[in-house]
Structure formats: structure tokens, C-alpha cells
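One structure is given below, encoded as C-alpha cells.
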2 protein chains.
Amino acid sequence: MSDMRAPSPYSGESLLFLTDEQLRQGIEAMFFAYRGFTADPDRILSDMAYGRAHHRAIHFINRAPGTTVNNLLNILGVTKQSLNRVLRTLIEDGLVQSLVGKVDKRERHLYLTDKGKTLEQTLSDAQRARMRSAFRDAGPDAVAGFRTVLEAMMDTEMQRAYTRLKETGQ
Amino acid sequence: MSDMRAPSPYSGESLLFLTDEQLRQGIEAMFFAYRGFTADPDRILSDMAYGRAHHRAIHFINRAPGTTVNNLLNILGVTKQSLNRVLRTLIEDGLVQSLVGKVDKRERHLYLTDKGKTLEQTLSDAQRARMRSAFRDAGPDAVAGFRTVLEAMMDTEMQRAYTRLKETGQ
DNA sequence: TTGGAATGTCAACAACACTGACGTATGTTG
DNA sequence: CAACATACGTCAGTGTTGTTGACATTCCAA
């Protein structure tokens with residue numbers, strides 16, 4: 001249903017920012033920005049035998065060392081077969097170490113090796129550089145708004161995962 | 001390369017929002033939010049024989065009726081072979097009409113049929129609903145910041161494409 | 001008019017997601 | 001202990017979406 005009406009006197013505020021045209025611009029901004037967001041790591045990875053899926057795995061293993069396969073599955077939102085293909089190559093290539101759990105031996109705990117950490121640094125440096133530049137250009141207030149809107153765009157499960165990681169980090 | 005220094009008295013402002021931790025949270029917010037952003041259309045499309053690429057093509061053909069294949073190529077940032085496969089199925093299924101250019105017969109001008117417009121409505125209604133909800137929860141100031149940061153995250157080419165579309169819309 | 005550039009199409013292949021089925025080791029519970 | 005559940009890995013098959021390479025058509029300019 002289209003929402004193209006004029007600014008209604010809804011609680012005294014203008015709702016012009018909720019017109020279909022504004023929403024469409026938001027959608028398109030999201031589309032183009034995500035391309036920029038992944039462009040630099042993608043470029044680096046294209047030279048190796050890795051892709052975006054490897055980057056995501058490496059990122060979250062670095063973020064939560066010792067995480068289990070199941071936990072990673074929930075964060076990434078893919079099937080175990082899909083993740084397993086990626087993890088297998090990363091383990092074979094010596095970027096990720098998989099250790100049998102001590103308390104629960106069914107679990108595998110995942111860690112980056114030094115080699116893995118090196119690649120993680122390379123990738124996240126590139127991605128952070130762009131994010132830093134965008135943040136700096138936009139300023140702290142814009143950044144706060146950026147994060148508020150993104151968080152409101154997530155499903156509740158993702159919000160939980162995101163918040164948990166945020167608190168883990170500090 | 002890390003930028004982990006304490007808030008410097010840079011022009012009197014705190015630069016705490018540019019710490020690595022803040023940047024990483026921005027990166028993760030982007031990752032999770034994009035999943036939410038595409039979730040609803042993806043769900044709808046999974047029942048048909050279409051995917052996200054079809055959605056993107058339909059979106060931009062709707063946005064700029066009569067656009068050429070080449071123009072669409074630049075906006076979407078994929079190879080023409082990749083786009084062609086998508087366009088072929090859309091044309092076969094009667095969602096998109098391809099007309100040989102009158103001035104330049106090499107060009108094909110693309111239009112949505114009524115059937116195509118119907119699907120476009122269904123998809124964009126779903127996507128807009130989530131965006132509207134997120135925008136409403138976040139408020140107009142946050143939305144402005146959101147768009148500022150996203151724009152700063154794009155490559156200059158994308159910024160141009162984005163701005164051109166924005167002006168086209170109104 | 002001829003050669004090169006632009007536009008679009010066809011074919012083959014790679015990356016990465018999915019479903020479904022199965023095996024193994026381990027933990028938990030009646 | 002037996003039965004069931006959980007965590008992980010794997011094999012096989014399929015679909016979408018990206019890639020390169022080769023090629024036909026059309027336009028334009030030397």
C-alpha cells in the first residue's frame with residue numbers, strides 16, 4: 001500500500017521522511033552502499049581462492065575466538081553444509097584451527113592461526129579504512145543515526161546477535 | 001594501521017566514534033542490517049524461479065523505464081552476460097519487454113509489462129514496509145544521518161548513479 | 001567502404017547458497 | 001543400561017548468480 005499522502009499533522013511532526021520516494025531512496029542508498037562496503041575485501045580475496053563467505057567466517061571467528069560451529073552458523077545464517085565447505089578449506093590451508101571441546105567433546109572450537117590473523121588484519125584494515133573515511137566525512141551525529149536505522153532494520157534475532165557481539169567487544 | 005588512539009583534541013571534537021571498535025560495530029551493523037533489508041523480497045522470490053538479481057533488475061527497470069541494457073549494466077555493476085540471463089527469463093515470462101532502439105538499433109530499451117509491474121509492487125511493498133518501520137522507529141534525524149553515511153560509503157561512480165536516480169525520482 | 005567500437009547473445013564454468021539423507025561421536029534422560 | 005537428542009561432518013543433487021570467452025549485429029569514422 002502506497003503512503004504518498006501529504007505531511008499529516010501527526011503529533012505536530014512532519015512525516016515527509018516517510019514518503020514512498022524517501023523510502024525508495026533509502027533502499028537504493030542501501031544497495032549502492034553495500035557494494036562499496038564489500039568492494040575492498042572482495043578485491044583482495046579475488047586474487048586468492050577465497051570469496052566473501054570466507055571473509056565472513058574469518059571475521060566472526062576473530063571476533064569471538066573459540067566459538068563453536070553451531071554458534072557461527074547462527075550468526076552467519078547459512079546452512080552447515082555451506083559453512084562446512086568454507087571452514088574445510090580454511091582449516092586445510094592453515095588459517096583456522098579446530099579444537100575438540102574439553103567440556104563437551106562434540107563441539108569444535110574455532111580459532112584463527114597466526115596466518116589467519118594476518119589475513120583478517122588485511123581484510124578488516126581495508127574495510128575499516130572505508131568505514132572510517134565515511135564516518136569521518138559524515139560526523140558523529142550522522143553515525144549515530146546510521147546505526148540507529150540499521151539496528152531498526154534487523155530482525156529481532158539479528159539484533160540480539162549484534163548486541164551480544166557489541167557487548168563482547170567492550 | 002590501527003587507529004586506536006584516545007580522543008584527541010582535534011578541533012575540539014571527540015573522535016571516539018572513529019575507534020576501531022566503533023568501526024567494527026558499524027561493519028557488523030551493516031552486515032546484519034543488509035540481511036534484514038533483503039529478507040522480505042527474498043522470501044517472496046524463493047517461491048518463484050527468481051532470485052535477488054531478478055528483483056534488482058525489475059527495480060531499476062521500473063525506476064527508469066526505457067533504459068538500455070548497457071545503462072542497467074552500469075547501475076547494477078555486473079557483467080552483461082550475468083544480467084542477460086536474468087533479463088532473458090524475465091522477458092520469456094512476460095514480465096519485461098525489450099524493444100529495439102529506434103535511433104540506435106543496437107540498443108534494447110527495457111520496460112515492465114503489467115505483469116512485471118505487479119510483481120514489482122509486491123516486492124517493493126514488502127521492502128518498503130520494513131524500511132518505513134525502521135525509519136519511523138529511528139526518526140527523521142537518524143534517517144538523515146543514515147543516508148549521509150551510506151552516501152559517503154559509495155564509490156564516486158555509485159554516488160553519481162545514486163544521485164541521478166534521486167533527481168529522476170523528483 | 002572498411003575497420004574498429006559498441007551492443008547484445010550464447011556457452012561453459014566457478015562460487016556459494018539450498019535441501020535431503022546419512023554416519024559418528026557424545027551427552028542426557030527415563 | 002537403553003533410548004533419544006545434540007553437534008558435527010559428509011555425500012549427492014540442485015539453483016542462483018557471478019565470471020570469461022567467443023560471436024553476431026549495428027554504428028561510426030577514417
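Nothing here was measured: the structure is a model prediction, and the numbers come from that model. Below, chains carry the letters A, B, ... as their sequence lines are ordered, and counting in each starts from 1.
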Sugar-phosphate atoms are those with a prime plus P, OP1 and OP2; base atoms are the rest. Using that split, label each nucleotide of nucleotides 19-30 of chain C B, S or - for protein heavy atoms under 4.0 Å, 5' to 3'.
-> BBB---BBS---
Of all pairs that satisfy side chain to side chain donor-acceptor pair (under 3.5 Å), the ones with a partner from residues 72-85 of chain A, not counting sequence neighbours |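 Applying side chain to side chain donor-acceptor pair (under 3.5 Å) to every pair that reaches into residues 72-85 of chain A, excluding sequence neighbours, yields nothing.
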Does any pair with a residue in residues 90-103 of chain A pass side chain to side chain donor-acceptor pair (under 3.5 Å), and if so which ones, sequence neighbours excluded?
-> A:Y50-A:D93
If you round to the nearest 0.5 Å, how far is CG of B:D20 from CE of A:M131?
->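 It comes to 12.0 Å.
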Which residue pairs pass the salt bridge (Lys or Arg N to Asp or Glu O under 4.0 Å) test when at least one of the two sits in [range], sequence neighbours left out?
{"range": "residues 109-120 of chain B", "result": "none"}
{"range": "residues 42-61 of chain B", "result": "B:D40-B:R43, B:D42-B:R52"}
{"range": "residues 145-161 of chain B", "result": "A:R130-B:D155, B:E151-B:K166"}

Please confirm whether the backbone N or O of A:L76 pairs with a side-chain atom of B:R35, one donor and one acceptor, at under 3.5 Å?
-> yes
Donor-acceptor contact below 3.5 Å, side chain B:T148 vs main chain A:A138 = no
CA sep, side-chain torsions, deciding dist, call: B:Y162, A:F31, side chain to side chain contact (heavy atoms under 4.5 Å, CB included) | CA-CA 10 Å; B:Y162 172 67; A:F31 169 69; over 6 Å; no
Any residue meeting side-chain hydrogen bond (donor to acceptor under 3.5 Å, both in side chains) with B:T68, in chain and number order, not counting sequence neighbours |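 Scan of B:T68 (side-chain hydrogen bond (donor to acceptor under 3.5 Å, both in side chains), adjacent residues dropped) gives none.
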Strictly below 4.0 Å, heavy-atom distances to any atom of DNA chain D: list the hits from [range], or just say none.
{"range": "residues 35-46 of chain B", "result": "none"}
{"range": "residues 84-100 of chain B", "result": "B:R85"}
{"range": "residues 50-60 of chain A", "result": "none"}

Steps toward side chain to side chain contact (heavy atoms under 4.5 Å, CB included) verdict (B:H54, B:L90) = CA-CA 8 Å; B:H54 298 84; B:L90 290 175; 4.0 Å; yes
Using distance alone, with no hydrogens and no angle criterion, decide if B:E28 and A:H59 have a side-chain donor and acceptor under 3.5 Å apart.
-> yes
Is the shortest heavy-atom distance from the side chain of A:F60 to the side chain of A:L72 under 4.5 Å?
-> yes
Between A:L123 and A:H55, what is the shortest heavy-atom contact and its length?
->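 The pair with the smallest heavy-atom distance is CD1-CD2, 3.7 Å.
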Give the minimum heavy-atom separation between B:G116 and B:I58, together with the two atoms involved.
->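 That would be O-CG2, 4.4 Å.
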Starting at atom NE2 of B:H109, determine the distance to atom C1' of C:dT7, rounded to an integer number of angstrom.
-> 11 Å
Chain B reaches DNA chain D, atoms under 4.0 Å from its heavy atoms, from D:dT16 to D:dC27
Near-strand residues of residues 154-161 of chain B, defined as heavy-atom separation under 4.0 angstrom from DNA chain C | none
